[in-house]
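Note that the structure is a prediction, hence the values are computed from the model and not measured. Just follow the structure's listing: the first ligand is 1, and inside any ligand the first atom is 1. Numbering starts at 1 and runs along the sequence shown.
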Amino acid sequence: MPSPPAGLCDSCRHQQVVRTKRSTFSLCRRWKDDERYPRYPRLPVLRCRGYERRADAADDPEART
Ligand code: SF4
């Protein structure tokens with residue numbers, strides 16, 4: 001079953017997709033160094049100051065602060 005869209009995280013270089021047998025999670029790697037970012041943000045993320053587009057991201061969402 002496909003996972004629901006994670007919004008900005010899906011094209012952000014700080015996202016790490018974590019897959020288990022039953023689910024897929026979108027982890028934000030910024031949580032390790034900055035307490036303002038939750039390890040597992042509430043999805044979909046529509047606005048994020050920490051967003052940085054991945055070089056290979058297919059779409060071009062606007063990062064809003
Ligand atoms: S920095 Fe923001 S957009 Fe990027 S993965 Fe973390 S929560 Fe998602």
Q. Without hydrogens or angle criteria, can the side chains of Arg30 and His14 be said to hold a donor-acceptor pair below 3.5 Å?
A. yes

**Study point:** Side chain Tyr37, main chain Arg29, donor-acceptor under 3.5 Å
**Key:** no

One should read off an interatomic distance between Tyr40 OH and Cys28 SG, to the nearest 0.5 angstrom, of 11.0 Å

What lies under 2.8 Å from atom 6 (Fe) of ligand 1, restricted to protein N/O/S atoms, is Cys28 SG

CZ of Arg54 to SG of Cys9, rounded to nearest 0.5 Å, is 10.5 Å

Interatomic distance, CG@Leu8 vs CD@Gln15, rounded to 0.5 Å, equals 10.5 Å

| Under the 3.5 angstrom rule, does the side chain of Arg19 hit a backbone N or O of Ser23 as a donor-acceptor pair? | no

